[in-house]
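Please read the structure below before turning to the comments.
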Amino acid sequence: MFYILVQDSGFSNEVMELTKVFYPHFIFRIVDSLDHMSEEDWCLQCLYSDENSMITTWVKLYSGRMLACEKKSEERIQGEPVGLERRKQVKNAIKRCVYDMLSEYTGRQYKWGILTGIRPTKIVHQLFDKGFSDTDVKEILIDEYRISKEKAELLLNTAKTQRPLLINNYEKKISLYIHIPICRTKCLYCSFPSDTLEHCKAFIDDYLTALTHELNEVVAPLLLRGYTIQTLYIGGGTPTALHNSQLESLLKAVCQIVDVKDVDEFTVEGGRPDSLNEENMNIMKKYGVTRLSINPQTMNDDILKLIGRDHTVDQVLSCYYKAREIGFPVINMDVILGLPGESVRSVSRTMDFLSELNPENLTVHTLAIKRSSILKESLQQFKLPAGEEMMEMLEMSQNTVKKMGLIPYYLYRQKYMLGNLENVGYARPGTECIYNIQMMEEQQTIIAVGAGAVSKIYYKDQDRIERVPNVKNIAEYISRNQEMIGRKRKALNLS
Ligand code: SF4
């Protein structure tokens, strides 16, 4: 067990997440005393004071009850911050002290430094908002957040691509997300609460009826009040796992409420190629879909089989060529680095295929071993690539996207990622998925309908998001449909 004992419990989680980066194989617990600590346990203890414009931090690492190392740091408060801004400075000073001590003790440094959050680009936008130049921002990322030069550049470039698309946000320009939490089968690494087609077949029609009702009761009144939909995204799950007639009735219902000619982009996450066919692609084209995701994850049949994806490389290829023939203006493809059985050689094969296909968007994920996935439960059965190998795979993918002329446009990090790395969406300039940017940067209201969908209402004056979740279970969503609608109408002042 690894105990975390922080003087101010408000900082405990962040200190714990940072310590986990150095000690990923331990089980952690936040405590307020060390009474139960045994000889086998470890503990990181953290004290601080914030007085006379100085933040003083003391960090101690214990192995058993023995002191393994300690560090003290003193930092001057910058400016005259109060409230949340002051706490943020204190928190970062503590994290720097923890990072520096663990880094010296273990001899390891991590490219993301003290950052443990999901959305690191937000920091860059906040710095730009305060008027810092590119050079200042890069320096701050490297010096204050201990981020490597390479990741600082990645963050900076990603935020700069996003900025022109975020700057024109206004209160009544929103996005709409429609969730279809259904898949043909469950992928090995998946932790999304999606149901299998086989299991929920009997409720799908009722689900679509409930979803359409939610659209009519929430989205239609917003449009009547002068709101406009900037981006429309049907995701999952696998929306194209629906029967073609069901998909058509969903698209028809959407188009009766939203004039898709007026939206900047209309995306459907086809996802798994085994769910796409000429007929459903033609249906999507007919209803104005402008962006389609076809996600191979890897272009190696043996690995596809191992991870429970019921499709082959040939299916990816034929599906891609068909989508091109039908004429979707933008195709996105997703890959995951670090899948079980993957090697530098197999990733190289995947990247060669993708480079040849040349999609407008390519999203490169790093495998995250999520708690609720089948992979986590059966981890011992699989060989996963290790740190150095992961770095090589990442480097190779970055070289390929560069050669393809793609630029990074959105980025996020997750817990339990192999090598403590990141997920990056790349795009040919001008084809960035605006929805992905809005969703990640949280500077726009996103209305999300369907089981498990979480709406985010953005309050610009407070730069704050309020989350309004729907229940995850499909049957429960159907039976509590009116309640879900009521929640959202109340939050949006529609009642
Ligand atoms: S297709 Fe996506 S949502 Fe469905 S099981 Fe696989 S990873 Fe999960």
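Note: hydrogens, waters and symmetry copies are ignored here, and every other heavy atom, side chains too, is used. All ligand and atom numbering here is 1-based and tracks the order in the structure. For clarity, every value in this text was computed on a predicted model and none was experimentally measured.
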Who are the side-chain hydrogen bond (donor to acceptor under 3.5 Å, both in side chains) partners of [X], not counting sequence neighbours?
X    : result
R108 : Y110
Q444 : S175, Q230
N157 : none

Which pair of non-hydrogen atoms, one from S343 and one from M393, has the smallest distance, and what is that distance?
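For S343 versus M393, the nearest heavy atoms are C-CE, 3.6 Å.
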
Do you know which of N423, V347, L367, N295 makes side-chain contact (heavy atoms from CB on, under 4.5 Å) with I336?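 So the option named by the test is L367.
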
Parallel, tilted or perpendicular: rings of F2 and F26 (30°, 60°) |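 Because their plane-to-plane angle is over 60°, the rings of F26 and F2 count as perpendicular.
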
> Protein heavy-atom contact under 4.0 Å for atom 2 (Fe) of ligand 1?
Replying inline: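 Under 4.0 Å from atom 2 (Fe) of ligand 1, zero protein heavy atoms found.
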
Closer than 2.8 Å to atom 6 (Fe) of ligand 1, which protein N, O or S atoms?
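Under 2.8 Å from atom 6 (Fe) of ligand 1 - ignoring waters, which are not counted - the protein N, O or S atoms are C187 SG.
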
*asked:* Within 45 degrees of the ring normal and closer than 6.0 Å to the centroid, is that where the cationic atom of K460 sits relative to Y170?
replied: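 No, K460 and Y170 do not form such a contact.
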
Provide the number and element of each atom of ligand 1 under 4.0 Å from a heavy atom of G237.
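It comes down to these atoms of ligand 1: 3 (S).
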
